[in-house]
Amino acid sequence: MQPITVKLLRWYDSHHRILPWRISPRDRLAGIVPNPYRIWLSEIMLQQTTVEAVKPYFRTFVEKWPTVTALAAASQDDVLRAWAGLGYYSRARNLKKCADIVCADFGGHFPADTERLKSLPGIGDYTAAAIASIAFDLPSAVVDGNVERVITRIYALTTPLPLAKPTIRTRMQALTPNERPGDFAQAMMDLGATICTPKRPACVICPLNDNCTALQTADPELFPVKAAKKGKPIRLGAAYVALSDNNEVYLRSRSEKGLLGSMTEVPTTQWTARLDGSTDVDDAPFPANWTPAGGITHVFTHFELRLKIYTANGVHQQTSSDGWWVKVEKLAGEALPTVMKKAIAAAIPDAFAKRRKVE
DNA sequence: AAGGCGGGGGT
DNA sequence: ACCCCAGCCTT
């Protein structure tokens, strides 16, 4: 085992994070094995998502669906409702698809090799290696953002990402031990998350500072080198919050593909670079006494959206057909992405507020 | 290889 | 304002 590997495992034994889906190194040594379903679920949720954001969703999911069989028995709509707010909703659609396949083709057991894991929807290079190493203790090299940062610093790799990825993978594979590969994978990620951070890394207390080329010869903060990013365009549109006389809001379902696919929305116009000429009220989904209710801004990964909000009261429910009506108090249970909750809240300020005692 | 795809927190 | 987060999929 390489010196770096030994040092990192020793550090992990005393400084590992406590996480709801994790088997501690002590328990692991005592023979307690991870539950592949829980490892898979956590890894899907953790894709481009912080640990703190995942925790409450993970608890909700394992309580609601304790096994992959239970998840497969759920409807996609139930899964999307539980996922609402976590983002990257294709993950939720693939989660359900993957559960169905694991139950139908693998008898409810996740395959224990990276090739077959990668064939499942929502599982790519990283997640296949993570499940193989963490759930099954196979020496498969995990390469996520943490590992990219730690490896490029240890070896002072100046090739910009993503071009440096194959080199990083080779270096990581060379460090990954046949004993405790799962703990090693998690140790690298814990180090990246708590010590070898993007800004102001805590090199003074890093267990690998003697092995870090970037620390000896340069500034660790300069790594990893990344390709230049692109600007973020602005798109404009309008959203329409219709209220019926019995305090229900009109909702409808988005198309299955593309942005926020299969999630729930209030009617909106197209989101375009410019509103050329037409007035927003003319673009409403149905005639009503639309009145302005301010605006919201929501930032997506690749564009910024500014929506003007219109609202109308006392709308007759038969004036619309393709969607459905939901009591304001029941909105929180719908599969509403955050941008739609913002739009509704602009028209109905306390729509998602916690119930407050009468003052 | 590049771009689409959420949302929140840190600096 | 910009960056980052246990990335994947399509084109």
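Chain letters run A, B, ... following the sequence lines, proteins first and then strands; every chain starts at 1. Quick caveat: nothing in here was measured; it's all calculated off a predicted structure.
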(request) Determine whether any donor atom in the side chain of Thr301(A) lies under 3.5 Å from an acceptor atom in the base of dG6(B), or the reverse, and answer yes or no. (result) yes
(request) Please work out if Leu86(A) contacts a base, only the sugar-phosphate, or nothing of the nucleic acid, heavy-atom cut-off 4.0 Å. (result) base
(message) With rounding to the closest Å, how many angstrom separate the P atoms on dG6(B) and dT11(C)?
(response) 16 Å
(request) Heavy atoms only: give me the nearest Pro177(A)-Thr5(A) pair and the separation to one decimal. (result) CG-CG2, 3.7 Å
(request) Identify, between Lys342(A) and His302(A), the residue whose nearest nucleotide on DNA chain B lies closer to the 5' end. (result) His302(A)
(request) Could you give the distance separating dA1(C) and dC5(B) at their P atoms, to the nearest angstrom? (result) 23 Å
(request) Please work out if Leu19(A) contacts a base, only the sugar-phosphate, or nothing of the nucleic acid, heavy-atom cut-off 4.0 Å. (result) base
(message) So Tyr88(A), base contact, sugar-phosphate only, or nothing? Heavy-atom distance under 4.0 Å.
(response) base
(request) Answer with base, sugar-phosphate or nothing: what part of the nucleic acid does Trp40(A) contact at a heavy-atom distance below 4.0 Å? (result) nothing
(message) Can you see whether Ser75(A) engages Asp77(A) through a side-chain donor-acceptor pair at a distance of less than 3.5 angstrom?
(response) no
(request) Check every strand shown and say whether Gly261(A) touches a base, only sugar-phosphate, or nothing at a heavy-atom separation below 4.0 Å. (result) nothing
(request) May I ask you to say what Val51(A) touches in the nucleic acid, namely base, sugar-phosphate or nothing, with a heavy-atom cut-off under 4.0 Å? (result) base
(message) With a 6.0 Å cut-off on the ring centroids, do Phe300(A) and Phe303(A) count as close?
(response) yes
(message) dC3(C), OP1 or OP2 - any side-chain N/O from Lys229(A) closer than 4.0 Å?
(response) yes
(request) Mind checking Pro162(A) for me? I need base, sugar-phosphate or nothing, with any heavy atom below 4.0 Å counting as a touch. (result) nothing
(message) Is the phosphate of dC5(C) approached by Thr49(A) (side-chain N or O, under 4.0 Å from OP1 or OP2)?
(response) no
(request) Whenever both distances are under 3.5 Å in a Watson-Crick or G-U wobble pair, mark it; put DNA chain B into dot-bracket that way, with [ ] for crossing pairs and | when the partner is on another strand. (result) |||||.|||||
(message) Could you check whether Glu148(A) pairs with Lys165(A) (Lys NZ or Arg NE/NH1/NH2 to Asp/Glu carboxylate O, under 4.0 Å)?
(response) yes
(request) Indicate, with a heavy-atom threshold strictly under 4.0 Å, whether Ser42(A) touches base, sugar-phosphate, or nothing. (result) nothing
(message) Give me the distance, rounded to whole Å, that separates dC9(C) from dG8(B) when you measure between the P atoms they each carry.
(response) 24 Å
(message) Within the structure provided, determine whether Pro111(A) and Leu120(A) are in side-chain contact (heavy-atom separation under 4.5 Å).
(response) yes
(message) What's the closest nucleotide to the side chain of Pro198(A) if the choices are dA6(C), dG7(B), dC4(C)?
(response) dC4(C)
(message) Heavy atoms only, 4.0 Å cut-off, all strands: where does Gly192(A) land among base, sugar-phosphate and nothing?
(response) nothing
(message) Is a donor from one side chain sitting under 3.5 angstrom from an acceptor on the other, for Arg91(A) and Gln47(A)?
(response) no
(request) Pick the C1' atom in dC5(C) and in dA1(B), then give their distance to the nearest Å. (result) 23 Å
(message) Taking Arg28(A) first and then Asp137(A), would you say they form a salt bridge - that is, a charged N and a carboxylate O separated by under 4.0 Å?
(response) yes
(request) Verify the contact: side-chain N or O of Arg149(A) to OP1 or OP2 of dC5(C), cut-off strictly under 4.0 Å; return yes or no. (result) yes
